[in-house]
Structures are given as structure tokens and as C-alpha cells.
Amino acid sequence: MSKLITVFGATGNQGGSVITQLLSDSQISKEFKIRGITRDTSKPAAQELAKKGVEIVAADMNSKESIQAALKDSHTVFLVTNYWESANAEIEITQGQNVADVAKEVGVQHLIFSSLLNVTKTTNGRLTNVPHFDGKADVEQYIRDSGIPATFYLPGYFMSNLEMALQPGQDGALTWALPVGKDAKFPLIDIKADTGKFVKAIIRNRSSLLGARVLGAQGYYTPNEILDQLSKATGKKTQYFQIDEKTYKSYLPEFMAQEMLENHLFIENPGYYGGETLDKSHNILEEKLVSWKEYAGSSAAFKA
Ligand code: NAP
């Protein structure tokens with residue numbers, strides 16, 4: 001009898017990528033039935049999945065009762081929480097804990113959680129205002145303490161962020177202004193194409209990856225490398241400005257300005273993944289990942 005994998009965030013980037021990759025794998029799609037979770041089963045993204053044979057179940061991570069129905073009979077669960085919907089770490093942590101509690105109750109055999117590092121702890125208290133990282137790390141710790149068999153997938157810096165961050169300057173050159181120096185290393189990922197490749201590999205290597213962190217990025221790129229490859233892929237001029245912290249914050253809405261500042265200072269030092277290389281995480285993969293140059297070359301945002 002086939003096992004059941006339940007995917008949170010099925011209508012979004014990460015969960016959607018997991019489902020796409022599982023459906024396209026002839027072996028795993030025989031081994032697992034897929035259940036996708038959304039709060040609104042009537043939305044087009046959910047309906048599209050239903051047409052592909054995915055069981056669509058309504059649940060809200062704020063409600064343990066609805067999570068019970070979502071996790072019924074589940075062998076494996078992919079869990080992603082969305083900090084930015086509330087921009088409130090308490091809410092994100094509670095949602096993660098709710099799913100973890102129910103996963104434990106119903107005996108889930110493998111919980112794959114989309115996590116991030118704890119910035120406050122990794123920097124020994126130098127940077128304390130990155131709650132979208134710290135909250136996920138708290139959920140990771142809660143899952144570890146609960147004893148549920150689990151693996152932690154840590155997505156890198158979305159390539160799609162750059163489509164919003166890079167803006168044409170006065171001379172038309174695509175301009176990126178950040179408060180970090182030219183040696184900062186951004187671990188980039190095409191989140192929609194490649195999350196599922198990592199998660200599929202985590203499922204295949206379950207026993208050796210229990211308790212492990214898998215770093216979800218294609219490669220590390222400095223700002224100069226990002227702009228150089230963008231130029232090569234699109235033929236457009238680019239330029240990078242290192243700006244001071246106050247100027248950087250003035251470009252952002254107040255509720256996220258300090259958080260994004262410290263997020264980038266963390267990327268500069270000690271690094272998004274605390275300086276760890278990507279080699280171990282790449283060794284489990286069977287498919288090639290999308291490079292930044294490939295992504296930039298096919299991005300409609302940069303063609304405009
Ligand atoms: P996304 O595309 O924004 O979609 C969010 C998904 O979460 C939707 O499928 C939504 O489902 C579901 N969802 C939200 N609240 C829910 C709730 N209360 N109950 C059930 N489902 C709920 O998400 P994503 O881009 O895959 O992931 C977002 C996360 O990535 C954020 O937490 C962010 O911090 C993290 N992240 C971002 C970056 C980056 O560089 N941007 C890097 C690393 C990590 P419905 O709306 O259909 O219910």
C-alpha cells in the first residue's frame with residue numbers, strides 16, 4: 001500500500017515545488033500518495049493540483065483541530081510556515097508547534113521542516129532582530145525536542161528576491177544597493193524549481209538524514225558575481241552600490257527595515273549558513289539545480 005505525504009504550502013513556492021517534483025518522479029509517485037494543504041480549497045492553485053490527482057485538504061496551521069484532519073494517516077509531512085503573512089514570530093512559532101504537536105500525536109514517520117538558522121544565537125547576540133530566521137530555528141528546536149523523526153531543509157536566498165531588489169537607475173542600468181561589501185556571499189536558489197529536488201532527495205535518504213540540516217541553495221554568489229552573470233544573461237548594464245545602514249533602511253517599510261538590515265549583515269558575517277559549504281547538501285541530489293545565470297536569462301522581470 002502506498003504511503004501518504006502531506007504537503008503544507010501546496011499553493012505556494014516551496015510546497016508547490018515539492019508537489020511538482022514528487023509528481024514527476026515515476027518511482028516516488030508510485031510509493032507516495034500526495035495530499036496538499038491550503039486554507040481555501042476553491043482557489044485556482046488548489047484546483048490545478050486536484051486536477052493532477054493531488055488530494056486537497058483544507059487546514060489552517062492556527063487550528064490544531066484542522067491540522068488533525070490534515071495529518072490523518074500521513075507518513076511524511078513537508079512543513080513550511082509563512083512569516084511574512086503576519087510578520088509576527090509568535091504566530092509563526094505557534095503554527096509550527098501546532099503542526100509538530102499533531103505530527104507527534106498521529107505518529108508521523110518523517111517531518112521535513114523548512115527552517116533557518118538562529119541569527120541571535122549564531123552571532124552571540126550581535127544581531128537580535130531577524131525574527132523570520134529565529135522563529136523558524138525555534139520551531140526546529142521544538143521539533144528536535146519532541147523526538148519526531150525529522151529533517152530540516154534550509155532554503156537559501158530566493159533568486160526571485162533579486163527581481164524586486166534590482167531596479168533600473170537613472171542611466172537605465174539595473175542597480176542593486178545594499179549595506180554589505182563585495183565579499184558577501186549570497187546562497188541563491190530558484191525556489192520554485194529546486195525546493196522539490198532537495199525534498200525528494202531528503203525523502204529518498206530518510207534514514208541517513210534524520211536530524212540533519214540540508215542547505216537549499218545552488219551556489220554562493222557575491223554581489224559582483226550576481227551582477228556580472230545578470231549582465232551576461234540579459235545584455236543589460238548593471239551596477240552595485242554599497243550604501244550605509246540608514247540609507248538602506250530608508251528604502252524599506254518601517255516594519256521590516258531593521259530586520260532586513262540585520263538579515264543582510266548576517267549574510268555578510270558570519271554568512272547565511274554560518275559559513276558552511278553546500279557540498280554535503282549537493283551530494284544527495286540526483287538532478288541539476290538552476291544556476292543564477294540560467295534563472296536571470298529566462299526571467300520575464302529582467303526582460304521588461
Ligand atoms: P508562499 O509562496 O508565500 O506561500 C505561502 C503558503 O503558505 C501558501 O501555500 C499558503 O496557503 C500557506 N499558508 C500560509 N498561512 C497558512 C496557514 N495559517 N495555514 C495553512 N497554510 C498557510 O510561501 P514560500 O515562499 O514557499 O515560503 C515562505 C517562507 O519562506 C517565509 O516564511 C519566508 O521567511 C521563508 N524564506 C524566504 C526566503 C527569501 O529569500 N525570500 C528565504 C528563506 C526562507 P493558502 O494561502 O493556500 O492557504
Side-chain angles (χ1 to χ4, degrees), residues 6-21 35-50 54 56-71 77-99 102 112-119 130-140 152-165 178 186-196 198-199 213-218 221 226 256 259-260 262-264 266-267 272-273 292 295:
T6 295
V7 179
F8 283 86
T11 59
N13 293 317
Q14 296 180 55
S17 175
V18 170
I19 293 180
T20 303
Q21 286 294 330
R35 178 183 288 162
I37 304 303
T38 173
R39 287 162 295 180
D40 175 6
T41 57
S42 72
K43 72 199 287 191
Q47 290 299 314
E48 281 305 308
L49 292 171
V54 175
I56 298 295
V57 171
D60 186 328
M61 290 186 277
N62 296 305
S63 149
K64 271 197 180 177
E65 206 186 332
S66 73
I67 298 167
Q68 255 140 10
L71 294 197
V77 173
F78 175 75
L79 170 61
V80 55
T81 48
N82 185 8
Y83 170 81
W84 293 108
E85 188 167 310
S86 63
N88 180 324
E90 296 285 304
I91 292 178
E92 182 174 40
I93 293 168
T94 304
Q95 290 177 346
Q97 291 178 341
N98 283 346
V99 177
V102 177
I112 302 165
F113 173 57
S114 181
S115 188
L116 286 170
L117 292 187
N118 187 315
V119 173
V130 194
H132 71 287
F133 272 57
D134 288 7
K136 291 181 182 67
D138 285 357
V139 174
E140 173 177 328
F152 304 95
Y153 164 71
L154 279 63
Y157 195 93
F158 294 4
M159 291 179 185
S160 53
N161 295 343
L162 297 165
E163 293 170 340
M164 288 177 282
L178 277 183
F186 290 75
L188 297 185
I189 179 164
D190 179 341
I191 198 72
K192 282 191 188 173
D194 288 349
T195 297
F198 282 104
V199 171
R213 287 192 178 127
V214 171
L215 312 182
Q218 183 265 336
Y221 296 81
I226 288 172
M256 69 186 324
E259 174 157 16
M260 293 317 291
E262 293 192 20
N263 197 174
H264 285 92
F266 182 66
I267 291 170
Y272 189 100
Y273 293 128
W292 165 240
Y295 183 94

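The figures that follow rest on heavy atoms only: side chains count, while hydrogens, waters and symmetry mates do not. Counting convention: from 1, in listed order, for ligands and their atoms alike.
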So, [X] versus [Y]: side-chain donor-acceptor pair below 3.5 Å or not?
X    : Y    : value
D40  : T38  : no
T195 : Q14  : no
E92  : H132 : no

- Neighbour list for ligand 1 [protein residues, heavy atom under 4.0 Å]: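 Shell around ligand 1 (4.0 Å, heavy atoms): G9, A10, T11, G12, N13, Q14, T38, R39, K43, A59, D60, M61, N62, V80, T81, N82, Y83, W84, E85, E92, Q95, L116, H132, K136, P155, G156, Y157, F158, N161, Y272.
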- Item | K136/T81 under side-chain contact (heavy atoms from CB on, under 4.5 Å): CA gap, chis, key distance, verdict | CA-CA 8 Å; K136 291 181 182 67; T81 48; 4.2 Å; yes
- Query: Of W292, Y273, F186, which meets ring-ring contact (aromatic ring centres under 6.0 Å, His included) against Y157?
  - Reply: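 Of all the options given, the one that passes is F186.
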- Can you tell me how far CZ of F152 sits from CG of L117, rounded to the nearest 0.5 angstrom?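 Spacing of CG (L117) from CZ (F152) equals 12.5 Å.
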